[in-house]
Amino acid sequence: MKLDGIRVLDLSLFLPGPYMTTVMADHGAEVIKLEPPSGEPVRNIGERAGGQSVWFRNTHRGKKSIVLDLKKPDQLAVLHDIVRTVDVFVEAFRPGVADRLGFGPAAMTALNPRLVYCSISAFGQDGPLRDKPAHDLAVEALAGTLSTNLGQDGQPTHPNVPVADATASLLALSAVLMALLRRERTGRGDVIDMAMYDATLSWLPNATGAVLGADRAPDVKQVRQWGGGAFYNIYATKDGKHVVLGGSEHKFVENLLRALDRDDLVAGASGPPGPAHEPAKAFLRETFRTRTRDEWEAWFEGRDVCFAPLLDLHEAFHRPHAAARQMLVRDEDGNLHIGLPIKFHDEPGTLDPTLPALGEHTEAVVSEARQRLGR
């Protein structure tokens, strides 16, 4: 696999860091999860299956678990020994905590100059918000994305994908892999300062036209991707479910409205989003209420229109395409896992469903580190 031979020491908790290192483990990296004596919190959060939380199962499969109390000098010394033998170090403490406890980037890269040290935090290692506590929702609020996530009542509502967590995790993975690639040429690692805030702001090139081009906040309901366009919108169906039109290219507009005998609406629905789309929206709202979601799915079959039924999560994971893409995997014990999203032709990743008991590998990992160091 692509990351065979790469050793990762992961001190992060909850979602961004653990998700990133799970992707690495799925592709061959040896991931050592250093848990606090109380354990990774997500071991005990949410629904359980097969004796483990589903969250923990999908962010810690195939990893090793060690437990060290890093406030004790002898345990910190053990951590230092392990750091000398790994390639990647991941932490997600508040800025300054790792330094104070003796495993900050300067100290760890001094021990191991080849180390890629990745810090994931809410707002980064500097700046006015550096010390502010925050999880995903608060970061999205301060990054402005929550203001665009409006319900039908026009009020901000909870985002259903943890945008700040996800973007930071994926960019941190990219940064780690870039640093490892560069290390092949220079022999030296690097230090990564990954802020969830920065990551969230950076993923908005399609949504910042008004901000960067007109010096104002967007009028959310008039922006294409947030409901301003008739052909990038959500519509209720006869059975109380919903369907989506997800592409506003002229050919899609023309293909659907001609099929529904409303050529007169094509010009307005093909132009810029906003009030000109209202007549098409009104027609489509009325039209989609005449059939059930499944009836519309059958009607659209074979038509060149960007259409989708709006599925709940259970439906989505149990559709034939999810099965074909191996995005829902059942292990030998019958437990379900989210599959691998990165698919290589050569050296594909492998889902290892093994879950570590708390501290299960402490003795073995410490012993191996000392052997590598000739002790």
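All values below come from the heavy atoms of this structure, side chains included, with hydrogens, waters and symmetry mates left out. Owing to the predicted nature of the structure, the values given are computational and were not obtained by experimental measurement.
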Check your understanding: Between the side chain of Asp239 and the main-chain N/O of Thr292, is any donor-acceptor distance below 3.5 Å?
Key -> no
Review point. Would you find a donor on one side and an acceptor on the other, under 3.5 Å apart, between the side chain of Lys63 and the backbone of Thr59?
Key: yes
Point to revise | Salt-bridge contact Glu254-Arg303 (side-chain N to carboxylate O under 4.0 Å) | key: no
Review point. Under the 3.5 angstrom rule, does the side chain of Asn149 hit a backbone N or O of Pro156 as a donor-acceptor pair?
Key: no
Practice item. Kindly indicate whether the side chain of Ser53, heavy atoms from C-beta on, has any atom under 4.5 Å from the side chain of Ile45. Key: no
Point to revise | Residue among Thr354, Asp26, Asp331 satisfying side chain to side chain donor-acceptor pair (under 3.5 Å) with Arg61 | key: Asp26
Practice item. Compare every heavy atom of Arg94 with every heavy atom of Pro133, then report the nearest pair and how far apart it is. Key: CB-NH2, 3.4 Å
Check your understanding: Within a reach of under 6.0 Å around CZ of Arg372, are more than 12 heavy atoms found that belong to other residues, nucleotides or ligands?
Key -> yes
Review point. Is the closest side-chain heavy-atom distance between Asp193 and Asp198 below 4.5 Å?
Key: no
Review point. By the rule that ILVMFWY residues connect when side-chain heavy atoms come within less than 4.5 angstrom, directly or transitively, which residues belong alongside Met1?
Key: none
Exercise for review: With side-chain contact (heavy atoms from CB on, under 4.5 Å) as the test, would you mind laying out the steps for Ile120 and Cys118 before giving the verdict?
Suggested key: CA-CA 6 Å; Ile120 303 174; Cys118 180; 4.0 Å; yes
Check your understanding: Looking at side-chain heavy atoms only, is the closest gap between Val366 and Asp81 below 4.5 Å?
Key -> no
**Study point:** Pair Val8-Asp87, side-chain contact (heavy atoms from CB on, under 4.5 Å): steps then yes or no
**Key:** CA-CA 6 Å; Val8 180; Asp87 301 284; over 6 Å; no
Check your understanding: Has Leu313 got more than 12 heavy atoms of other residues, nucleotides or ligands less than 6.0 Å from its CG?
Key -> no
Point to revise | Proximity of His27 and Phe344 rings by center, below 6.0 Å | key: yes
Review point. So, for Ala316 and Ala322, which heavy atoms are closest and what is the spacing to 0.1 Å?
Key: O-CB, 3.6 Å
Check your understanding: Do the side chain of Asn112 and the main chain of Val83 share a donor and acceptor less than 3.5 angstrom apart?
Key -> yes
Check your understanding: Does Tyr232 have its ring centroid less than 6.0 Å away from the ring centroid of Phe252?
Key -> no
Review point. Between the main-chain N or O of Gly17 and the side-chain N or O of Thr21, is there a donor-acceptor pair closer than 3.5 Å?
Key: yes
Practice item. Just say parallel, tilted or perpendicular for the rings of Phe288 and Phe300, cut-offs at 30° and 60°. Key: parallel
Check your understanding: Looking at side-chain heavy atoms only, is the closest gap between Trp55 and Asn44 below 4.5 Å?
Key -> no
Practice item. Answer whether the closest heavy-atom distance between the side chains of Ile32 and His361 falls below 4.5 Å. Key: no
Check your understanding: Is Leu13 reachable from Leu68 through a run of I, L, V, M, F, W or Y residues, each pair having side-chain heavy atoms under 4.5 Å apart?
Key -> no
Check your understanding: Within the distance-only criterion (no hydrogens, no angle test), does the side chain of Arg7 pair as donor or acceptor with the backbone N or O of Thr85 below 3.5 angstrom?
Key -> yes
Review point. Atom CZ in Arg183, atom CG in Leu115: separation rounded to 0.5 Å?
Key: 8.5 Å
Check your understanding: Quick check: are there more than 12 heavy atoms from other residues, nucleotides or ligands sitting under 6.0 Å from CD of Glu249?
Key -> yes
Point to revise | Considering all heavy atoms, the nearest Pro273-Gly229 contact | key: CB-N, 4.0 Å
Exercise for review: Measure the CH2-OG1 distance between Trp296 and Thr237 for me, rounded to the nearest 0.5 Å.
Suggested key: 10.0 Å
Less than 3.5 Å apart, which donor and acceptor atoms pair up between the side chains of residues 202-210 and the rest of the protein, not counting sequence neighbours?
unit_1 : atom_1 : unit_2 : atom_2 : d
Ser202 : OG     : Ala199 : O      : 2.8
Thr208 : OG1    : Leu204 : O      : 2.9

Check your understanding: Taking everything shown except Asp4 itself, do over 12 heavy atoms lie less than 6.0 Å from its CG?
Key -> yes
Exercise for review: Test Met20 against Asp10 for side-chain contact (heavy atoms from CB on, under 4.5 Å), laying out the working first.
Suggested key: CA-CA 10 Å; Met20 177 187 78; Asp10 183 5; over 6 Å; no
Practice item. Tell me whether Leu70 is reachable from Val67 by hopping between hydrophobic residues (I, L, V, M, F, W, Y) whose side-chain heavy atoms are closer than 4.5 Å. Key: no
Check your understanding: Do you reckon Ile66 sits in the same ILVMFWY cluster as Val88, going by side-chain contacts under 4.5 Å, direct or chained?
Key -> no
Review point. Got a donor-acceptor contact below 3.5 angstrom from the Thr109 side chain to the Pro113 backbone?
Key: no
Practice item. Would you indicate whether the side-chain heavy atoms of Val211 and Arg216 approach each other to under 4.5 Å? Key: no
Practice item. Decide salt bridge (charged side-chain N to carboxylate O under 4.0 Å, His left out) for Arg319 and Glu315; before the verdict, give the C-alpha distance in whole Å, the side-chain angles of both, and the deciding distance to 0.1 Å. Key: CA-CA 6 Å; Arg319 280 269 170 139; Glu315 290 175 312; 5.7 Å; no
Practice item. Spell out, yes or no, whether Ile82 and Leu34 are grouped together once hydrophobic residues are joined by side-chain heavy atoms under 4.5 Å, including indirect joins. Key: yes
Review point. Can we call the ring centroids of His135 and Phe14 under 6.0 Å apart?
Key: yes
Point to revise | N/O donor-acceptor pair under 3.5 Å between Ser169 side chain and Asp165 backbone | key: no
Point to revise | Check against side-chain contact (heavy atoms from CB on, under 4.5 Å), Val86 and Arg114 | key: CA-CA 9 Å; Val86 301; Arg114 290 177 55 82; over 6 Å; no
Point to revise | His250, His277, Lys251 screened by side chain to side chain donor-acceptor pair (under 3.5 Å) with Ser270, the one that passes | key: His250
Exercise for review: Flag yes if more than 12 heavy atoms outside Tyr235 fall under 6.0 Å of its OH atom; otherwise flag no.
Suggested key: yes
**Study point:** Separation of Tyr197 OH from Ser121 OG (nearest 0.5 Å)
**Key:** 12.5 Å
Practice item. Return yes when atom NZ of Lys72 has more than 12 non-hydrogen atoms of other residues, nucleotides or ligands closer than 6.0 Å, and no otherwise. Key: no
Check your understanding: Crowded around Leu111 CG? As in, over 12 foreign heavy atoms under 6.0 Å?
Key -> yes
Point to revise | His337 side chain near Asn58 side chain, heavy-atom distance below 4.5 Å | key: yes
**Study point:** CA sep, side-chain torsions, deciding dist, call: Lys71, Asp69, salt bridge (charged side-chain N to carboxylate O under 4.0 Å, His left out)
**Key:** CA-CA 5 Å; Lys71 295 180 180 179; Asp69 185 347; over 6 Å; no
**Study point:** Heavy-atom donor-acceptor pair, Gln371 side chain to Glu368 backbone, under 3.5 Å
**Key:** no
Point to revise | Considering all heavy atoms, the nearest Glu140-Val163 contact | key: OE2-N, 3.3 Å
Check your understanding: Which heavy atom in Gly96 sits nearest to a heavy atom in Gln125, and how many Å separate them?
Key -> N-OE1, 4.3 Å
Check your understanding: Above 12 or not: heavy atoms from other molecules or residues under 6.0 Å from NZ of Lys2?
Key -> yes
Check your understanding: Could Glu40 and Arg43 be called an ion pair, given the rule that one side-chain N must be under 4.0 Å from one carboxylate O?
Key -> no
Check your understanding: Is Leu79 reachable from Val191 through a run of I, L, V, M, F, W or Y residues, each pair having side-chain heavy atoms under 4.5 Å apart?
Key -> yes
Check your understanding: Counting N and O atoms only, with roles assigned by atom type, does the side chain of Glu360 sit under 3.5 Å from a partner on the main chain of Ala357, one being a donor and the other an acceptor?
Key -> yes
Review point. For Leu358 and Ser38, which heavy atoms make the closest approach, and how far apart are they?
Key: CD2-C, 4.4 Å
Check your understanding: Under 4.5 Å between any side-chain heavy atoms of Leu284 and Leu260, yes or no?
Key -> yes
